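Keep in mind it's a predicted model, so treat the numbers as computed, not measured.
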Amino acid sequence: MPLAVKGMRIGLFGGSFNPPHDGHLLISKLALRKLQLDRIWWIVSPGNPLKEHSSLARLPDRLAACREITDHPRIDVTAFEVDLDSAFTANTLDHARERRPGVDFVWIMGADNLKQFHEWQRWRDIAQTMPIAVVDRPGSTLSYRSAKAALALARYRIDETDAALLANMNPPAWTFLHGPRSHLSSSAIRANREQKAR
């Protein structure tokens, strides 16, 4: 787990990163700026429990690809979930808070994940553990109005103009961030590679 000191504002951005791409970087830079974070940690998952793993690249390969693409002084790439007994986000966030007390964490996810957030294990606990920033993704702009979890947590949503306050807020608290969007997706990149390999 990367080093952090009390009072730092750190965004946690988890995923398979299979492969990482410029869209991930775009989300990270937007979150750094709008949330006024000190750093973002890319948490490269050993495997998403909600996804099929047959096309999942090896963890060391995905870590290397993430480090190559980030090349940013305020983005740290980590795979500390590999040391946990579970790859579920709720456990990851609990572990981060236990290991780095006094750090102001924000969970960052794309709006495409908000659509299925209510299917995540202990999703309500996640919302109670740390503030959440949902970043706009193509085709998911209206998910903050219609997703089941968004409706359930509607009274805790703060306006995007107050996003810089999010890291210091007591959860549940969340916001939706608009900005430049990338149409890149890891699944589309993999499909394109597979087609070229034929």
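- A heavy-atom distance below 4.5 Å is found between the side chains of F13 and S28.
- When all heavy atoms of P73 and R39 are compared, the closest pair comes out as O-NH2, 2.8 Å.
- Here the CD1-NZ distance, from I75 to K29, works out to 7.0 Å after rounding to the nearest 0.5 Å.
- The side-chain heavy atoms of W41 and F105, taken from C-beta on, include a pair separated by under 4.5 Å.
- Inter-residue side-chain proximity for L177 and E160 is flagged as met; some heavy-atom pair is nearer than 4.5 Å.
- Checking side-chain atoms of W107 against main-chain N and O of P131 turns up no donor-acceptor pair under 3.5 Å.
- In terms of heavy atoms, D76 sits closest to P2 at CB-CG, 3.9 Å.
- The nearest pair of heavy atoms linking I108 to G11 is CD1-CA, 3.7 Å.
- Note on D94 versus R122: salt bridge recorded, some NZ/NE/NH1/NH2 to OD/OE distance being below 4.0 Å.
- Put simply, CZ on R157 and CH2 on W174 are 5.5 Å apart, with the number rounded to the nearest 0.5 Å.
- Q128 contributes atom CD, which lies 6.5 Å from atom OH of Y156 (distance to the nearest 0.5 angstrom).
- By the 30° and 60° cut-offs, the orientation of the rings of W42 relative to F17 is parallel.
- Counting heavy atoms from C-beta on, the side chains of V44 and T78 never come closer than 4.5 Å.
- The backbone N or O of L37 lies less than 3.5 Å from a partner atom in the side chain of R74, making a donor-acceptor pair.
- Atom CG of N113 is separated from atom CD of E119 by 11.0 Å, given to the nearest 0.5 angstrom.
- Counted by atom type alone, E81 and T92 present one or more donor-acceptor pairs between their side chains at under 3.5 Å.
- Looking only at side-chain heavy atoms (C-beta outward), I40 and L32 come within less than 4.5 Å of each other.
- The CG atom of D104 sits 10.0 Å away from the CE atom of M130 when rounded to the nearest 0.5 Å.
- A perpendicular orientation is assigned to the rings of F117 and W120, their planes being inclined by more than 60° (bins at 30° and 60°).
- Taking the side chain as every heavy atom from C-beta outward, I132 and I126 approach each other to under 4.5 Å.
- Without hydrogens or angle criteria, K34 side chain to H178 main chain gives a donor-acceptor distance under 3.5 Å.
- A donor-acceptor pair is defined here as one N or O able to donate and one able to accept, closer than 3.5 Å; such a pair exists between the side chain of R9 and the backbone of L35.
- Of the possible donor and acceptor atoms, none in the side chain of D38 sits under 3.5 Å from a partner among the backbone N and O of M8.
- Across all their heavy atoms, C66 and V77 have their closest contact at CB-CG1, 3.8 Å.
- Side chain of R100 to backbone of V5: no donor-acceptor contact under 3.5 angstrom is found.
- In plain terms, the two heavy atoms of K115 and A147 that are nearest each other are CA-CB, 4.1 Å.
- Side-chain atoms of D159 and T161 form a donor-acceptor pair, as typed in the model, at a separation below 3.5 Å.
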Would you sort out whether T175 and V134 count as a side-chain contact (heavy atoms from CB on, under 4.5 Å), showing the intermediate values?
-> CA-CA 6 Å; T175 193; V134 180; over 6 Å; no
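- In terms of heavy-atom proximity, I10 sits nearest to A4 at CD1-CB, 3.4 Å.
- At least one donor-acceptor pair closer than 3.5 Å links the side chain of R62 to the backbone N or O of S16.
- Side-chain contact check for V135 versus L30: some heavy-atom pair is nearer than 4.5 Å.
- Panel note: side chain S45, backbone G15; no donor-acceptor pair is recorded below 3.5 Å.
- Under the 4.5 Å side-chain criterion, counting only non-hydrogen atoms from C-beta, M109 is in contact with L114.
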Quick one: do I27 and R137 satisfy side-chain contact (heavy atoms from CB on, under 4.5 Å)? Show the steps, please.
-> CA-CA 9 Å; I27 285 173; R137 293 272 293 147; 3.9 Å; yes
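- Within the model, atoms CZ of R124 and OG1 of T129 stand 13.5 Å from one another, a figure rounded to the nearest 0.5 Å.
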